[in-house]
Colleague: 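Got a structure for you, written out below as structure tokens; questions coming shortly.
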Amino acid sequence: MSITPFDEIIEQNDQTAARREHLEKLRELVGNPYPNKFGRSTLSGEEDTITRLLEYPPVAEINAEMYAILASLGEGERPPAEKKDALNKRLKALGNVRIAGRMAVPPRVMGKAAFVHLSDGISRLQVYVRKQDAVAISNDTGEPLDEEGKAWEVFGYLDHGDFIGVEGYLFITNTGELSVHVEKLQFLAKAMLPMPDKMHGIADPEIRQRQRYADLIASSLQIEHDGLTTREVFERRAKLISSIRHFLEDHGYIEVETPMLTPKATGAAAKPFKTHHNALDIDLYARIAPELYLKRLVVGGFEKVYELNRNFRNEGISYKHNPEFTMLEFYCAYMDVNGMMDFCEQLLINSITFSNGSLSVKLTNDPYADVVIDFSSFERISMREAVIRFWQNKGQRIGQGDLDIDWFDDIDKLRRLVLWTALIDNELRKSGMQQMNVATILNYDPKLESGDNDDEDDMGISIYIDVISKELGFWQATESINDSFKAGHETDFQRFETRIQRVLRTVLDNSMSEELQLARITQFLFEEVVERNLIQPTFIVDYPKSISPLSKASPQNPQVAERFELFINGMEVANGFSELNDPREQYDRFADQMKARESGDEEAMVLDEDYIRALSYGMPPAAGIGIGIDRLTMLLTNKHSIRDVILFPHMRPEKRVATEDTESKE
RNA sequence: GGUCCGAUAGCUCAGUCGGUAGAGCAAAUGGCUUUUAACCAUUGGGUCCCAGGUUCGAGUCCUGGUCGGAUCACCA
């Protein structure tokens, strides 16, 4: 296998050739072009980064005074010389500074003097190099080069993006900008590649995500930008995470790390990544959730425990899904689901206030543009009530009736509603076929019209599809679509078919117990009708027990789990419940899951025998929760894509100009 | 996987009806000792994504492909 030659890894053009020449010239002038260190001054008490220096009170004060003077001037006016000179006297009294950074702009050279801005990634500071005042430092000896004009020559070979260190005194220029008057100049490192466009940054979203380093440089170089810079997005993310940790630790939680590689992928409904350990010769799975390990720790006496780290799910990638994502999970002994919702609210309010400074966030990139999310109030509503509420909204759009809470126990009615809902597809809605009356579906008895149907398996499948198709005039509608939109809409029909098949397979499967069917249907209706409409923070409570295999049943209603999910802007952000701690019942629930797995449900949970053993030692009553940190960050940073809040999101492999190996696989 | 949109200088983008390939930024050279999207002058830089077709002539029109984006589907 051949390795990629250096010159193919970085693109070669006139720009890189110039930089390469400059590098060689610098090597001649100052020696080693990659020195090992540069000692910065310590006026601010620690090493002076540009940011620290600008925040150093005496400097900040003088700067503020200068700004005040500038603010009082008219357009194009310059600050009066006396005031400026007075400030410069105070600056000079501070002594010399030594700072370093990346040249954030191409140098502005004027004959025998030049200005350039240095950036420490956060802040920038202008430096002024005058030919007669500056000496260059040798990178080999660390001593000044004797010859006059060397520094100026060195400066001539510097490019936009290079790193330099300077020593000199602070002063304010004629136009009122704080700057360093350079007396010593040291070259520190070369940028061999040209910097991103200073006005536009990096336009290609793929390069932004793939070459995050370039994106970060670009956002620090750009002078003006709307919204948060990339760096600010990740600073906010870091602040959010750190404030969550502080809050939990202040409330007695201890942070732990449980295995990422596990012999069983369980604790959530998801498909895992599989790998193999050679020495042990066993298959391992990247964890899909730390849940069962954390509860083992509750068994072991960690009454309050949390883990904030990555989970891995081998599923689709979308604006809200990345194969690895960061989740906070925590557990609290002696607490139930209601206590957990209260605590979750407090946690979010606290950490959002800390990281964002405010509890309201305006979203501008979403389909729901200009929505303001208000994190100060959290609604609580049961799953069934939510379906009813939004069904009414949907009913208004489509023209038909309301639901009744009793119907959630009527399998026949629910099945019809599911098909009805499944049929109301965006594209199909346009065709005018939506004039169907809900009452007609509900009152329709398939047995009357279906004639011979001894095939039990098909009961409620082909019949329903046939009946509802007829009722809705679907076939006619499809034809009229085909007429008006031509052949292109055949795919809509295919989509409809796969959609119906999915519904039939996962929601209307007769082989499941009636309880499970009711649960699945309710969940389906919730996803179809409600989920995307939950914009403001909303806890959905009272989940069907049969789709919540790790949570305790409600004392009031054995069919209902003490479980909630928090939805914001149509996304699931958190999921919590009263933890099931009866080992026998937990075993039975796992057994049900394994049964579902055998009949083809790939996401049903896997039995974990050791977890059952752990519960058998006794676990106190407890509540737990998982919170999606990436999605929360999306909300706080006004980003519509999870890739914008993950530094290095997963992408398909980079396509290089393939010289050989043009093999493409589907 | 479906649909729509896109690919032109290192970057961001124009390119009319089919008639010699353009701008700004970046780069090179010269000038300029307080500029700041520095300025002034000069210069270099192109497989117009690929292949085929129509045409006297294709960046432009047609067909096929590659790559990318948006969106829908899948994925709680």
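Atom set for the values below is all heavy atoms of this structure, side chains included, hydrogens, waters and symmetry mates excluded. Order of the sequence lines sets the chain letters (A, B, ...), proteins ahead of strands, with each chain counted from 1.
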Colleague: For B:A38, take OP1 and OP2 only and decide whether either is under 4.0 Å from a side-chain N or O of A:Arg108.
Modeller: yes
Colleague: What nucleotide among B:U34, B:A26, B:A76 has an atom nearest to a side-chain atom of A:Thr173?
Modeller: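 The answer is B:U34, which lies nearest to the side chain.
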Colleague: Taking the P atom in each of B:G69 and B:C32, what is the distance between them to the nearest angstrom?
Modeller: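 Between the two P atoms, the distance is 49 Å.
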Colleague: Find the distance A:Leu91:CG to B:U34:P and express it as a whole number of Å.
Modeller: 19 Å
Colleague: Who does B:C4 pair with, Watson-Crick or G-U, both distances under 3.5 Å?
Modeller: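 Pair assignment: B:C4 / B:G69.
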Colleague: Which part of the nucleic acid, if any, lies within contact of A:His117, taking any heavy atom under 4.0 Å across all strands shown: a base, the sugar-phosphate backbone alone, or nothing?
Modeller: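 Contact class for A:His117: base.
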Colleague: One thing to verify: whether A:Arg212 and A:Asp215 come together as a salt bridge, which I'm taking to mean a side-chain N less than 4.0 angstrom from a carboxylate O.
Modeller: yes
Colleague: Return the CZ to CG distance between A:Arg631 and A:Asn322, rounded to the nearest 0.5 Å.
Modeller: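 Nearest 0.5 Å value for the CZ-CG distance: 11.0 Å.
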Colleague: Centres of the A:Phe577 and A:Tyr543 rings: under 6.0 Å?
Modeller: no
Colleague: Can you tell me which residue among A:Lys84, A:Glu177, A:Arg90 is in a side chain to side chain contact (heavy atoms under 4.5 Å, CB included) with A:Ile172?
Modeller: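 Among the candidates, only A:Lys84 passes.
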Colleague: Suppose we define a pair by two distances each less than 3.5 Å, Watson-Crick or G-U wobble; what does B:U16 pair with here?
Modeller: none
Colleague: Name the pairing partner of B:A27, where a pair is Watson-Crick or G-U wobble with both distances under 3.5 Å, or state none.
Modeller: B:U43
Colleague: Base, sugar-phosphate, or nothing for A:Arg20, non-hydrogen atoms under 4.0 angstrom?
Modeller: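 Nothing, no heavy atom under 4.0 Å.
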Colleague: State which of B:U33, B:A76, B:A27 makes the closest approach to the side chain of A:Ala18.
Modeller: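 Comparing B:U33, B:A76, B:A27 against the side chain of A:Ala18, the answer is B:A27.
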Colleague: Contact class for A:Glu531 (heavy atom, under 4.0 Å): base, sugar-phosphate, or nothing?
Modeller: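 Since no nucleic acid heavy atom lies under 4.0 Å of A:Glu531, the category is nothing.
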Colleague: Side chain of A:Asn569, backbone of A:Met571: donor and acceptor closer than 3.5 Å?
Modeller: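 Side chain of A:Asn569 to backbone of A:Met571, a donor-acceptor pair under 3.5 Å: no, none is there.
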Colleague: Nearest whole Å is fine: how far is B:G69 C1' from A:Arg210 CZ?
Modeller: 13 Å
Colleague: Choose from B:G10, B:A27, B:C32 the nucleotide whose nearest atom is closest to any side-chain atom of A:Pro194.
Modeller: B:G10
Colleague: Provide the distance between the two C1' atoms, one in B:C50 and one in B:C11, to the nearest whole Å.
Modeller: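 These two C1' atoms come out 23 Å apart once rounded.
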Colleague: Reading RNA chain B from 5' onward, which residue's closest nucleotide shows up sooner: A:Phe171 or A:Pro196?
Modeller: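 On the 5' side of the pair lies A:Pro196.
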Colleague: If I pick the P atom on B:C48 and the same atom on B:A9, what distance separates them, to the nearest angstrom?
Modeller: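 The same atom, P, in both gives a distance of 10 Å.
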Colleague: Side chain of A:Glu603, base of B:A76: donor and acceptor closer than 3.5 Å?
Modeller: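 Counting by modelled atom types and ignoring angles, no donor-acceptor contact under 3.5 Å is found here.
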Colleague: For the pair made of OH in A:Tyr543 and P in B:A76, what is the distance, rounded to whole Å?
Modeller: 14 Å
Colleague: Think A:Arg78 has a side-chain N or O under 4.0 angstrom from the OP1 or OP2 of B:U35?
Modeller: yes
Colleague: Mind checking the C1' distance from B:A76 to B:U60? Whole angstroms is fine.
Modeller: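 Pairwise C1' distance, B:A76 against B:U60, rounds to 48 Å.
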Colleague: Roughly how many Å apart are B:A37 and B:U12, using the C1' atom of each and rounding to a whole number?
Modeller: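 Per the computed distance, 14 Å lies between those C1' atoms.
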Colleague: For B:A28 and B:C62, measure between their P atoms and round to the nearest Å.
Modeller: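 Roughly 42 Å separates the two P atoms.
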Colleague: Can you tell me how far P in B:C25 sits from the matching atom in B:G1, rounded to whole Å?
Modeller: 43 Å
Colleague: For the atom pair NZ (A:Lys83) and CG (A:Leu70), what is the distance rounded to the nearest 0.5 Å?
Modeller: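 Going from NZ on A:Lys83 over to CG on A:Leu70, the span is 11.0 Å.
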Colleague: Rounding to a whole Å, what distance do you find between A:Glu572:CD and B:C75:P?
Modeller: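 Between P of B:C75 and CD of A:Glu572: 15 Å.
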Colleague: Tell me the partner of B:A37, counting only Watson-Crick (N1-N3 plus N6-O4 or O6-N4) or G-U wobble (N1-O2 and O6-N3) with both under 3.5 Å; none if nothing fits.
Modeller: none
Colleague: Going by purine N1 to pyrimidine N3 plus the second Watson-Crick contact, or the G-U wobble pair, all under 3.5 Å, which nucleotide sits opposite B:A76?
Modeller: none
Colleague: Could you list the protein-to-nucleotides 43-48 of chain B atom pairs, N/O on both sides, closer than 3.5 Å?
Modeller:
| unit_1 | atom_1 | unit_2 | atom_2 | d |
| --- | --- | --- | --- | --- |
| B:G44 | N2 | A:Asp14 | OD2 | 2.8 |

Colleague: Taking the side chain of A:Asn13 as heavy atoms from C-beta outward, which of B:U71, B:G10, B:C32 is closest to it?
Modeller: B:G10
Colleague: side-chain hydrogen bond (donor to acceptor under 3.5 Å, both in side chains) with A:Arg563: which residues, sequence neighbours excluded?
Modeller: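 Applying side-chain hydrogen bond (donor to acceptor under 3.5 Å, both in side chains) to A:Arg563 gives A:Ser548, A:Glu565, A:Asn575.
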Colleague: Grab the two heavy atoms, one from A:Pro79 and one from A:Ile69, that are nearest each other, plus how far apart they are.
Modeller: CB-CG2, 4.1 Å
Colleague: Nearest whole Å is fine: how far is B:C74 P from A:Lys271 NZ?
Modeller: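 Rounded to the whole Å, the gap is 12 Å.
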Colleague: I'd like to check A:Leu54 versus A:Leu178 (side-chain heavy atoms, cut-off strictly below 4.5 Å). Are they in contact?
Modeller: yes
Colleague: Hey, which sits more toward the 5' end of RNA chain B by its nearest nucleotide, A:Ser179 or A:Arg19?
Modeller: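 That would be A:Arg19.
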Colleague: What integer number of Å spans the P atoms of B:G65 and B:A26?
Modeller: 42 Å
Colleague: Is A:His22 touching bases, backbone alone, or none of the nucleic acid, heavy atoms closer than 4.0 Å?
Modeller: sugar-phosphate
Colleague: If you check every side-chain atom of A:His640, which of B:A28, B:U71, B:U35 has the closest atom?
Modeller: B:U71
Colleague: Can you tell me the distance, in whole Å, between the CG atom of A:Asp644 and the P atom of B:G69?
Modeller: 12 Å
Colleague: Show the nearest heavy-atom pair for residues A:Gln523 and A:Met383, with the distance to one decimal.
Modeller: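 Nearest pair, atom of A:Gln523 first, then A:Met383: CA-CE, 4.2 Å.
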Colleague: Could you check how far NZ of A:Lys25 sits from C1' of B:A27, rounded to whole Å?
Modeller: 17 Å
Colleague: Examine the base of B:U33 for any acceptor or donor lying under 3.5 Å from a partner atom in the side chain of A:Gln132, and report the outcome as yes or no.
Modeller: yes
Colleague: Please give, in whole Å, the distance from B:G68 P to A:Gln209 CD?
Modeller: 13 Å
